[in-house]
Amino acid sequence: MSIQKPKGTQDFLPGSVETWQYIEKTARDVCRRFHYKEIRTPIFEHTELFQRGVGETTDIVEKEMYTFQDKGERWISLRPEGTAGVVRAYVENKLYGEPDVSKLYYTGPMFRYEQPQAGRYRQFHQFGVEAFGATDPAIDAEVIALGYTIYQELGINGVRVEVNSVGNPASRAVYREALLGFLLPKKQLLCKDCQSRMERNPLRVLDCKVDQHHFIGVPELLDYLDEECLSHFAAVKKHLADMEIPYEVNPRLVRGLDYYTHTAFEYKAEGIGAIDTIGGGGRYNGLVGQIGGNDQPGIGFGIGLERTVLVLAAQEVAIPKEGELQVYLIGMGEAAEQEITKLLYRLRRDGIVAETDYLGRKMKARMKSADRFQAKYVAILGDDELAAGTIAVKEMSTGEQTPVPLTQLTDWIKARG
RNA sequence: GCGAUCGUGGCGAAGUGGUUAACGCAUCGGUUUGUGGAUCCGACACUCGAGGGUUCAAUUCCCUUCGAUCGCCCCA
């Protein structure tokens, strides 16, 4: 039996990889204008980084990481998300010593051992940004706007931005108690999932899809935020409004990673199966300190690229094509073939996308190839042309054929486009 | 981790416990020994994800395993 790719991984073949390039190019360009710089960090890190950063009790760290011991008996994990590694690099390279806010972006593969389903893979890809060193709510809004702009410029419609504040650890602890006080008497009425959520992460109970009617009168997190949290959240919303970023406050938006404080947000889209979150992030003011740096605030998000691809496909967004074949060369006879080798290389160096036949096929088959490649022109060189020092150039869309001096082929193609 | 459905040539897709595994698309060749996108003719699966079992006989029945799709949990 031939070897198959590991479960939950994908090959990105020519024809679909262009979509990925389009997303990456667009995202990079938006980051450039927002003045974020790329950072590249290892795909694997010490396991401890994720235990400390993502949170020891999260599902991700508890049961979804690809963890192994290397030959030096170090515990290593493939990164399950992007933030922890960037924070580590920020601390290790003492970027906090720089006078300005560190505004970084990254893209690459992440790994989680999960059951694959629509929009979920074991190796998946994220594009993310992180901004360190500022607590100004304007940065929160900038980060949210950046992500929104990427979706806009990709040509995706109907992306919803949901925002919330999860407060600081102190106010969240108070809320947690109040919430449990409300839920405990109703515990038997709730679905099985919620009963187990109550123990592991009570805030997530509010996400429940079956039992919403039990939650009438439930205490809301926003009511438990202190003055500082509230004014920060208000300022974020003000900045979003100033930029005319459409957003909705979702008081029940809770994120799955432990490190979030204050601002939490998600980007949502319809039509890609059971999953609707295509990106998400938030502020993490305690994280840098936990990783071992001096305590700098930070905020960021991650965009799920597989999910973005699904949305682009669902909305039938046209992907701009690049590198289309301009000319297909055909040489008939030994002398002509020799000349084709030289001509082909010269065209390519001159910036023309050029191709020829390598299967020794007949004229008709070569024409078919050129047609399949959607070549703009076919240039045919035989004994007659060779003697005249020209090449017969056929424009495929019109069928019109003209002799062009061999030395002028590049200029002729460039002039005609 | 749990559940459902599925796995036949490059792709899509029929099929049956038993002599040659439909068909469509694509591909290749021919009709035209230097000209594509149309038509016609022809070629193209020692084999039905893998392993084992039942049977005189299995692609078709059973088990295991691998994978895919979708959903739950969780998340991007």
Side-chain angles (χ1 to χ4, degrees), chain A residues 1-10 13 15 54 57-65 79-83 107-128 147 191-197 200-201 204 207-210 254-257 266-269 272-281 300-311 328 330-333 336 357 359-386 391-401:
Chain A
M1 187 172 88
S2 56
I3 297 171
Q4 297 173 296
K5 64 185 179 299
K7 183 170 181 160
T9 63
Q10 295 185 98
L13 304 176
V54 179
T57 61
T58 57
D59 277 15
I60 293 176
V61 169
E62 240 173 29
K63 49 191 192 191
E64 293 176 359
M65 282 207 296
R79 62 183 183 195
E81 55 94 56
T83 300
T107 186
M110 310 292 165
F111 305 86
R112 277 147 57 170
Y113 191 87
E114 295 192 275
Q115 288 309 318
Q117 67 182 64
R120 203 173 71 185
Y121 296 89
R122 289 186 173 180
Q123 174 176 331
F124 63 102
H125 300 78
Q126 286 189 329
F127 189 99
C191 69
K192 268 188 110 95
D193 288 332
C194 285
Q195 294 187 18
S196 75
R197 280 193 196 111
R200 299 165 54 228
N201 192 346
R204 293 209 64 89
D207 259 350
C208 184
K209 283 113 194 161
V210 269
V254 176
R255 302 207 27 88
L257 286 65
E266 290 189 352
Y267 304 102
K268 296 192 173 183
I272 53 170
I275 286 159
D276 61 356
T277 300
I278 55 177
F301 68 75
I303 285 177
L305 263 32
E306 279 77 4
R307 293 178 185 183
T308 305
V309 169
L310 286 177
V311 175
Y328 185 92
I330 297 177
M332 301 306 292
D357 172 77
L359 295 173
R361 289 183 296 193
K362 298 179 176 163
M363 168 72 92
K364 185 185 170 98
R366 297 188 191 194
M367 290 300 293
K368 278 186 125 172
S369 264
D371 191 46
R372 265 199 305 275
F373 289 143
Q374 296 181 53
K376 188 130 199 276
Y377 301 104
V378 170
I380 301 158
L381 189 67
D383 293 339
D384 297 348
E385 287 82 6
L386 214 47
I391 188 162
V393 180
K394 177 170 182 172
E395 183 166 1
M396 293 299 270
S397 58
T398 61
E400 187 185 326
Q401 193 162 314

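Within every chain, numbering begins at 1; the chains are lettered A, B, ... in the order of the sequence lines, protein sequences first and strands thereafter.
B:rC11 and B:rC74: their C1' atoms are spaced 35 Å apart (whole Å). The separation of B:rC40 from B:rG15, taken at their P atoms, amounts to 27 Å, rounded to a whole angstrom. Taking atom C1' in both B:rG12 and B:rA45, one finds a spacing of 15 Å when rounded to whole Å.
A:F301 places its CZ atom 19 Å from the P atom of B:rC75, with the value rounded to the nearest Å. Per the geometry, CD belonging to A:Q126 stands 5 Å off C1' belonging to B:rA76, to the nearest Å. In this structure, CD of A:E266 is placed 7 Å from P of B:rA76, rounded to the nearest angstrom. The interatomic distance linking A:K7 (NZ) with B:rA68 (P) rounds to 6 Å, in whole Å. In this structure, A:Q115 places its CD atom 14 Å from P of B:rC72, rounding to the nearest Å. Note: CZ (A:R120) to P (B:rC70) measures 11 Å, nearest angstrom. The distance between atom CG of A:L13 and atom P of B:rC11, rounded to the nearest whole Å, is 12 Å. When the P atom of B:rA76 is taken as reference, atom CD of A:Q123 falls 17 Å away, rounded to whole Å.
The environment of CD in A:Q374 is sparse: at most 12 heavy-atom neighbours from other residues, nucleotides or ligands sit within 6.0 Å.
A donor-acceptor contact under 3.5 Å is not formed by the side chain of A:Q117 with the base of B:rU69. With hydrogens and angles left out, the side chain of A:D371 and the base of B:rG36 share a donor-acceptor pair within 3.5 Å. In this model, a side-chain donor or acceptor of A:E385 finds a partner on the base of B:rG34 within 3.5 Å. With hydrogens and angles ignored, a donor-acceptor pair closer than 3.5 Å exists between the side chain of A:R307 and the base of B:rC75. With hydrogens and angles ignored, a donor-acceptor pair under 3.5 angstrom links the side chain of A:E114 to the base of B:rA76.
Within the nucleic acid shown, A:I303 has no heavy atom closer than 4.0 Å to any nucleic acid atom. Nucleic acid contact class of A:G273 (heavy atoms, under 4.0 Å, all strands): sugar-phosphate only. A:G279 comes within contact range of the sugar-phosphate backbone alone, with a heavy-atom separation under 4.0 Å but no base atom that close. Residue-level contact check: A:A274 touches the backbone only, with heavy atoms under 4.0 Å from sugar-phosphate atoms and none from bases.
The side chain of A:R112 approaches B:rA76 more closely than any other nucleotide in the set B:rU35, B:rA76, B:rG34. Nearest to the side-chain atoms of A:M332 among the listed nucleotides B:rG34, B:rC72, B:rU69 stands B:rG34. Residue A:D384 places its side chain closer to B:rG34 than to any other of B:rG71, B:rA76, B:rG34. Closest approach to the A:M367 side chain among B:rG34, B:rU35, B:rG1 is made by B:rU35 (side chain taken as heavy atoms from C-beta onward).
Considering only residues two or more places apart in sequence or on other chains, A:Y113 meets the ring pair (Phe, Tyr, Trp, His ring centres under 6.0 Å) condition with A:Y66. The side-chain hydrogen bond (donor to acceptor under 3.5 Å, both in side chains) test applied to A:R372 returns A:S369, not counting sequence neighbours. Every residue meeting the ring pair (Phe, Tyr, Trp, His ring centres under 6.0 Å) condition with A:F301, not counting sequence neighbours, appears here in chain and number order: A:Y267.
Panel note: side chain A:T107, backbone A:Q126; a donor-acceptor pair is recorded below 3.5 Å. Remark: the backbone N or O of A:R361 is paired with a side-chain donor or acceptor of A:R366 at under 3.5 angstrom. Formation of a donor-acceptor pair under 3.5 Å by the A:R307 side chain with backbone atoms of A:G279 is not found in this model. Distance alone, capped at 3.5 Å, is enough to place a donor-acceptor pair between the A:E306 side chain and the A:H125 backbone. Although no hydrogens or angles enter the test, the distance criterion places no donor-acceptor pair under 3.5 Å between the side chain of A:R122 and the main chain of A:P116.
Residues of residues 391-399 of chain A having a heavy atom closer than 4.0 Å to RNA chain B, listed by number: A:K394, A:M396, A:G399.
Considering only heavy atoms from C-beta on, A:D357 stays 4.5 Å or farther from A:I330 through its side chain. Contact of the A:Q117 side chain with the A:I275 side chain is registered, since non-hydrogen atoms from C-beta on lie closer than 4.5 Å. Contact of the A:S397 side chain with the A:K376 side chain is not registered, since no non-hydrogen atoms from C-beta on lie closer than 4.5 Å.
Of all non-hydrogen atoms in A:I380 and A:V378, the two that sit nearest each other are CG1-CG1, 3.8 Å.
In terms of position along RNA chain B, the nucleotide closest to A:I272 lies nearer the 5' end than the nucleotide closest to the other residue of the pair A:I272 and A:G280. Between A:E400 and A:G8, the residue anchored nearer the 5' end of RNA chain B, judged by the nucleotide with its closest heavy atom, is A:E400.
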Bracket notation of RNA chain B in which parentheses pair within the strand, [ ] cross earlier pairs, and | pairs with another strand (Watson-Crick or G-U, under 3.5 Å):
(((((((..(((.....[....))).((((.........)))).....(((((..]....))))))))))))....
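In this structure, A:Q4 does not reach the B:rC66 phosphate: none of its side-chain N or O atoms is under 4.0 Å from OP1 or OP2.
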Write down the protein N/O and nucleotide N/O pairs, taken from nucleotides 25-31 of chain B, whose separation is under 3.5 Å; answer none if there are no such pairs.
from: B:rU27; atom 1: OP1; to: A:R372; atom 2: NH1; distance (Å): 3.0
from: B:rC28; atom 1: OP1; to: A:R361; atom 2: NH1; distance (Å): 2.9
from: B:rC28; atom 1: OP1; to: A:R372; atom 2: NH2; distance (Å): 3.4
from: B:rG30; atom 1: OP1; to: A:K362; atom 2: NZ; distance (Å): 2.2

